[in-house]
Amino acid sequence: MNERDLADCLIHVAMQGEAQPMINALGLRHNGSLERAYPAQLWIGAAHAKSIALVTHGIDPTHQCDRLGTETAMLVAHLGIHRIKPRLLINAGTCGGFKSQGGAIGDVYLPTRFLFHDHRMPLPKFEGYAMGEITIADRPELRSAIGAKPGTCSTGSSLDATPDELAFFHRESVTCKDMEAASVANAARDSATQFIAVKVVTDIVEHREVVADEFLRNFARATAQLAMAVDRLLRTSIL
Ligand code: SAH
């Protein structure tokens, strides 16, 4: 391990496009792969009197797209925590929002509860284990610093949603649907690392519109807002 890589704060971002406005805003520099021969990429720097590292999932060598999703999220979080040894891990990204919960495109959330909505193990004990609920303390001072709402973020392996999953979201009052946060929260908990997630809404889950169209149309605006929210968070006494 290289001592120079250690940072106060590790920002975990799935997509390169989500990360770029943040990398620019914080003035981070590329530091190669997170781990030799592995696609995840590392950026390092300092801002607002904190040393900062940022990891992205990288590009899949077979399919030439961002390596989104829960499997990569868990592995990148684990590798990042062990290389960077952060005092705080921040998962920053876009999410689906819910009109029925008061959500709108561009809303910023600091969720306090994380679940998996597509892990089903209908057996005693395993049912709760599969849903994987993790709660973290609400930080109202951080929410007001960045104009964020509290909520529940549910993670799964698909961009679209099945009717059963829509019922799950309603039952659990889910405000953010994504493909990484609960995995990163699990990695943080297992390594006793302080964790928060910042999510910005790119699409409305209950909408009839094709999710990919809505996502792509709102992506630039949402990621600019995400970069501003993370920059403002790092200006606070978050650590
Ligand atoms: N069509 C996009 C695919 C990425 S969308 C592209 O190729 O550019 C999925 C990413 O955005 C995931 O990392 C996820 O965390 C987040 N996300 C945004 N809206 C989502 C939604 N409605 N459901 C699940 N994940 C969503």
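Remember, it's 1-based here, ligands and their atoms both numbered in the order they're listed. Numbers for residues simply follow the sequence, beginning at 1. Given the structure is predicted, the values throughout are model-derived calculations rather than measurements. Just so it is clear, the values below take in all heavy atoms, side chains as well, and ignore hydrogens, waters and symmetry mates.
Looking at atom 19 (N) of ligand 1, its nearest protein heavy atom turns out to be Asp203 OD1, 2.8 Å. For atom 11 (O) of ligand 1, the nearest non-hydrogen atom of the protein is Thr94 OG1, 3.1 Å. Residue, atom and distance of the protein heavy atom nearest to atom 3 (C) of ligand 1 are Leu68 CD1, 4.0 Å. Distance from atom 15 (O) of ligand 1 to its nearest protein heavy atom, with residue and atom name: Glu180 OE1, 2.5 Å. Of all protein heavy atoms, the one lying nearest to atom 2 (C) of ligand 1 is Phe215 CE2, 3.5 Å. Looking at atom 24 (C) of ligand 1, its nearest protein heavy atom turns out to be Lys177 NZ, 3.3 Å. At the top of the distance list for atom 8 (O) of ligand 1, counting protein heavy atoms only, stands Met15 CE, 3.4 Å. Among protein heavy atoms, atom 20 (C) of ligand 1 sits closest to Gly96 N, 3.4 Å.
Enclosure of atom OH in Tyr129 is not indicated, since only 12 or fewer non-hydrogen atoms of other residues, nucleotides or ligands lie within 6.0 angstrom. No more than 12 heavy atoms of other residues, nucleotides or ligands lie within 6.0 Å of NE2 in His170, so this atom counts as exposed by the packing criterion.
Within the 4.0 Å cut-off (strictly below), a protein heavy atom is located near atom 13 (O) of ligand 1.
Of the charged side-chain nitrogens involved, none lies within less than 4.0 Å of a carboxylate oxygen, so that Arg217 and Asp203 do not count as a salt-bridged pair. Under a 4.0 Å N-O distance rule, the pair Asp8/Lys50 does not qualify as a salt bridge.
Note that OG1 of Thr94 and NZ of Lys177 are 10.5 Å apart. Values are rounded to the nearest 0.5 Å.
Each of the atoms 15 (O), 24 (C), 25 (N) of ligand 1 lies under 4.0 Å from some heavy atom of Asp178. Here is the list of ligand 1 atoms found below 4.0 Å of a heavy atom in Cys95: 17 (N), 18 (C), 19 (N), 20 (C). Residue Thr202 approaches ligand 1 through these ligand atoms, each under 4.0 Å from one of its heavy atoms: 18 (C), 19 (N).
Of the N and O atoms on the side chains of Arg113 and Thr152, at least one donor lies less than 3.5 Å from an acceptor on the other residue.
Shown here are the salt bridge (Lys or Arg N to Asp or Glu O under 4.0 Å) partners of Asp231, two or more places apart in sequence or in another chain: Arg235.
The shortest heavy-atom contact between Gly132 and Asn186 is O-ND2, 4.3 Å.
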